[in-house]
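Notes for the one structure printed next.
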Amino acid sequence: MCDELQLAGMRSAPMDRRQFAGAGALTALAALTPAGTARAAGPNDNVVKFAAPGGTMDGFFFHPAGKNPGVILWPDIAGLRTTFLAKSHRLSDAGFAVLALNPYYRNAPAPQFEDFDDFRTRSGNDKVAPWRAALTADAIMDTAKAAIAWLDQQPSVDTAKGVGAQGYCMSGAYAVWTAAAVPERVKAVASFHGAGLVGDDEKSPVKLLGQTHASFLFAIARNDDKTAPGDKDALRAAAKAAGRPAMVDVYAADHGWTVADSPTYDGAAADKAWDKLLDLYDKL
């Protein structure tokens with residue numbers, strides 16, 4: 001999961017003007033319509049709720065017309081908020097039915113924080129620490145089963161296609177656990193600057209690749225690679241041993257670079273990762 005060292009590094013990096021303007025645009029996007037549904041035109045956008053283990057899941061569900069491959073999106077440590085609404089819109093525009101989940105649904109409805117700066121300045125890590133502690137591999141896998149069951153009931157989802165799962169920071173591991181929980185449905189997994197992917201526990205994501213039917217994208221931040229240089233090799237070796245296709249790349253960008261309200265956001269590197277994601281999902 002995201003650790004104090006990673007968060008401290010993100011706190012020390014100020015937003016530049018382009019990043020600040022982008023964050024403002026995302027806030028305006030969320031304010032266009034009630035309940036965070038945004039945009040009156042375009043995809044059929046909804047804030048949704050459904051029963052899930054331990055509570056009621058709330059999230060965003062966005063889809064274009066017709067039937068489309070489904071995608072489960074797990075946000076980063078600061079939770080489901082406007083920047084992930086925008087990501088979901090972008091994926092919907094690319095032809096996917098996207099269910100973005102509130103990982104903290106057992107404790108509080110989304111959004112728990114307005115943006116990442118709000119998380120940083122309101123002792124967000126302390127607030128979510130007990131929530132995160134309960135998000136074990138088994139808990140995430142149970143939630144993933146409920147989420148995909150709900151997704152497959154939607155008329156806009158093409159169940160003849162596979163499901164994609166993607167995660168950011170702590171939820172990079174959640175995306176892998178999602179694939180292991182529902183291997184017959186999840187065919188592609190993307191982890192962006194994922195944390196906690198390599199460990200000794202039997203439920204460590206690196207040890208579960210063989211329990212999936214998915215192809216993988218592991219997009220690693222350069223400072224995370226510097227801290228744990230062996231992780232990329234462990235992921236490559238595990239994918240090879242499991243016979244699972246995997247792209248494992250270190251990007252010239254720091255932890256959090258794909259999230260637009262992060263102080264380490266890097267637009268050029270984020271676009272490169274986006275292109276790799278679409279290549280991965282092209283196989284669903």
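Classification of the Phe62-His89 ring pair by plane angle, with boundaries at 30° and 60°, yields parallel. Ring planes of Phe218 and Phe216: parallel class, angle under 30° (limits at 30 and 60°).
In terms of modelled atom types and a separation under 3.5 Å, the side chain of Ser171 and the main chain of Tyr174 share no donor-acceptor contact. In this structure a side-chain-to-backbone donor-acceptor pair under 3.5 Å is present from Arg236 to Val248. The closest donor-acceptor contact from the side chain of Thr121 to the backbone of Asp117 lies under 3.5 Å. With Asp76 contributing its side chain and Ala78 its backbone, the two residues share a donor-acceptor pair below 3.5 Å. A donor-acceptor pair is defined here as one N or O able to donate and one able to accept, closer than 3.5 Å; such a pair exists between the side chain of Asn68 and the backbone of Gly66.
Listed by chain and number, the residues in a side chain to side chain contact (heavy atoms under 4.5 Å, CB included) with Ala221 are His193, Asn223, Asp224, His255, Trp257 (sequence neighbours excluded). In terms of the side chain to side chain contact (heavy atoms under 4.5 Å, CB included) criterion, residue partners of Asp158 (sequence neighbours excluded) are, by chain and number, Lys67, Ala160, Lys161. Scanning for side chain to side chain contact (heavy atoms under 4.5 Å, CB included) contacts around Ala180 gives Met141, Leu208, Thr212, with sequence neighbours left out. Residues satisfying the side chain to side chain contact (heavy atoms under 4.5 Å, CB included) criterion with Ala173, sequence neighbours excluded, are Trp177, Leu197, Pro205. Scanning for salt bridge (Lys or Arg N to Asp or Glu O under 4.0 Å) contacts around Asp138 gives Lys203, with sequence neighbours left out. With sequence neighbours excluded, no residue forms a salt bridge (Lys or Arg N to Asp or Glu O under 4.0 Å) with Asp142. Scanning for salt bridge (Lys or Arg N to Asp or Glu O under 4.0 Å) contacts around Asp254 gives Arg222, with sequence neighbours left out. Checked against salt bridge (Lys or Arg N to Asp or Glu O under 4.0 Å), Asp118 has the following partners two or more places apart in sequence or in another chain: Arg122.
The heavy-atom pair separating Thr258 from Phe192 by the smallest distance is OG1-CB, 3.8 Å. Of all heavy-atom pairs spanning Leu151 and Leu99, the tightest one is CD1-CB, 3.9 Å.
In this structure, the side chains of Leu280 and Ser215 come closer than 4.5 Å at one or more pairs of heavy atoms. Looking only at side-chain heavy atoms (C-beta outward), Lys276 and Met247 come within less than 4.5 Å of each other. Side-chain contact between Arg120 and Pro263 is present, with at least one heavy-atom pair separated by less than 4.5 Å.
In this structure, Phe84 has its ring center no closer than 6.0 Å to that of Phe60.
Between the side chains of Thr178 and Trp74, a donor-acceptor pair is found at a separation under 3.5 Å.
No path of Ile, Leu, Val, Met, Phe, Trp and Tyr side chains, each step under 4.5 Å between heavy atoms, connects Tyr251 with Leu277, placing them in separate hydrophobic clusters.
No salt bridge links Lys272 with Asp275; every basic N to acidic carboxylate O contact stays at or beyond 4.0 Å.
The list of salt bridge (Lys or Arg N to Asp or Glu O under 4.0 Å) pairs with a residue in residues 163-184, not counting sequence neighbours, is empty. Residue pairs meeting the side-chain hydrogen bond (donor to acceptor under 3.5 Å, both in side chains) criterion with at least one partner in residues 98-107, sequence neighbours excluded, are Asp58-Asn102, Asn102-Gln112, Tyr105-Thr143, Arg106-Thr143. Identified under the salt bridge (Lys or Arg N to Asp or Glu O under 4.0 Å) test for residues 146-156, with sequence neighbours left out: Asp152-Arg185.
Taking a 6.0 Å sphere around NZ of Lys127, one finds it holds more than 12 heavy atoms contributed by other residues, nucleotides or ligands.
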Compile the donor-acceptor pairs under 3.5 Å between side chains in residues 49-57 and protein atoms, sequence neighbours left out, one pair per line.
none

